[in-house]
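Report on the structure given below.
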Amino acid sequence: MTDKLDLKKTDKTYYGGKPGEWARVTIPPCRYLSVSGQGAPEDAAYAAAMERLYPVAYGVKFAKKAEGRDFVVPPLSTQWWADDPSAFGEGRRDEWHWQALIRMPDFVEASDVGKAAEEKGVTGVSLINLIEGECFQTVHIGPYSDEGPTLVRLHEEVMPEAQVTFGQPHHEIYLSDPRRAAPEKLRTVIRQPVVPL
């Protein structure tokens, strides 16, 4: 019997940061269950993505547990992007595109995901490898709707001073369950992959 892998404990750089401070970090390639769509997070399409992601994530978990490789299902995360990045700072949520993600351990294969999806009767969930590399990252405490000023500072001050521009899409990791935590106590890792100008 092996210990249960908890990526939140073994990969603290990925899930960490100081509130209000943008730190430069390097994120290694990671595997994720993925569902993509467009629109605001309160839209029905985003909720429907959760109804597909979680059954597959837990299906994979229990299959791997039966093989002696149990793991804690990591928090939900989502990549967000828009044709115009100012849509984030200005809250134009209908312009947002998203890719909802649940991280998987490196030992999870596409065949595991396909089998779990088939058993749960779920379609549209894929296993992807995401390479984010160099990033700026912070922790936001409070409602998601209050992230705007933090992002404006990143886009207009931090990134220009570092002489970098946008790499992969903006990525958020939701450390708190919004169904259980008060909005002012929500903790969210905000990450922006960057590349040199």
Side-chain angles (χ1 to χ4, degrees), residues 8 14-15 17 19 27 30-61 73-104 113-114 116-132 135-156 166-194:
K8 279 181 68 178
Y14 184 99
Y15 295 101
I27 302 298
C30 298
R31 292 185 177 190
Y32 296 87
L33 299 180
S34 165
V35 176
S36 298
Q38 180 177 352
E42 61 270 15
D43 290 352
Y46 190 75
M50 304 306 102
E51 293 173 1
R52 292 187 295 181
L53 275 175
Y54 279 103
V56 175
Y58 280 94
V60 171
K61 169 197 165 57
V73 173
L76 173 72
S77 70
T78 303
Q79 286 183 301
W80 300 94
W81 67 96
D83 296 332
D84 177 0
S86 69
F88 293 104
E90 296 174 8
R92 302 195 308 273
R93 297 154 82 87
D94 59 319
E95 297 179 27
W96 298 359
H97 298 270
W98 49 264
Q99 181 168 232
L101 305 163
I102 296 179
R103 190 174 171 195
M104 291 283 104
V113 175
E118 183 177 354
E119 288 176 352
K120 301 294 183 181
V122 173
T123 60
V125 177
S126 58
L127 183 69
I128 65 166
N129 289 311
L130 186 60
I131 303 173
E132 294 183 291
C135 303
F136 277 102
Q137 181 168 296
T138 190
V139 171
H140 173 76
I141 299 177
Y144 308 129
S145 57
D146 289 353
E147 293 175 6
T150 302
L151 296 174
V152 169
R153 180 171 165 262
L154 172 69
H155 299 165
E156 297 183 0
F166 299 95
Q168 294 280 331
H170 167 101
H171 190 175
E172 297 186 353
I173 299 98
Y174 307 110
L175 302 180
S176 305
D177 184 341
R179 298 168 300 178
R180 298 179 182 174
E184 65 273 13
K185 294 184 178 179
L186 292 172
R187 296 177 61 86
T188 306
V189 174
I190 302 177
R191 178 184 303 149
Q192 178 58 61
V194 296

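This chain uses plain numbering: 1 for the first residue, then up along the sequence.
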_Exam field: side chain W80 to backbone P169, donor-acceptor pair closer than 3.5 Å_ = no

*Minimum heavy-atom separation for G59 to A116, with atom names?*
C-CB, 3.9 Å

*Measure across L186 and P143 and return the closest heavy-atom pair with its distance rounded to 0.1 Å.*
CD1-CA, 4.4 Å

_Y15 to L175 - nearest heavy-atom pair and separation_ = O-CD1, 3.8 Å

*asked:* Can you tell whether the side chains of E132 and R191 come within less than 4.0 Å, N to carboxylate O?
replied: yes

*Any chance you could measure S176, atom OG, to L76, atom CG, to the nearest 0.5 Å?*
12.0 Å

_Distance in Å, S34 OG paired with R52 CZ, rounded so as to fall on 0.5 Å steps_ = 9.5 Å

*Classify the ring geometry between Y14 and Y32 as parallel (under 30°), tilted (30 to 60°) or perpendicular (over 60°).*
tilted

_Quick check for you: to the nearest 0.5 Å, what is the distance between L151 atom CG and Q192 atom CD?_
8.5 Å

*Report the C-alpha distance between E172 and T188 in whole Å, list the side-chain angles of each, state the deciding distance to 0.1 Å, and finish with yes or no for side-chain hydrogen bond (donor to acceptor under 3.5 Å, both in side chains).*
CA-CA 6 Å; E172 297 186 353; T188 306; 5.6 Å; no

*Give the minimum heavy-atom separation between L53 and L101, together with the two atoms involved.*
CD1-N, 4.0 Å

Compile the donor-acceptor pairs under 3.5 Å between side chains in residues 41-50 and protein atoms, sequence neighbours left out, one pair per line.
| unit_1 | atom_1 | unit_2 | atom_2 | d |
| --- | --- | --- | --- | --- |
| E42 | OE1 | R93 | NH2 | 2.8 |
| E42 | OE2 | R93 | NE | 3.4 |
| D43 | OD2 | A40 | N | 3.0 |
| Y46 | OH | T78 | OG1 | 2.6 |

*Can you tell me how far CG of L130 sits from CD of Q79, rounded to the nearest 0.5 angstrom?*
5.0 Å

*Atom NE2 in H170, atom CG in L154: separation rounded to 0.5 Å?*
9.0 Å

*CZ of R187 to CG of D177: how many Å apart, nearest 0.5 Å?*
15.0 Å

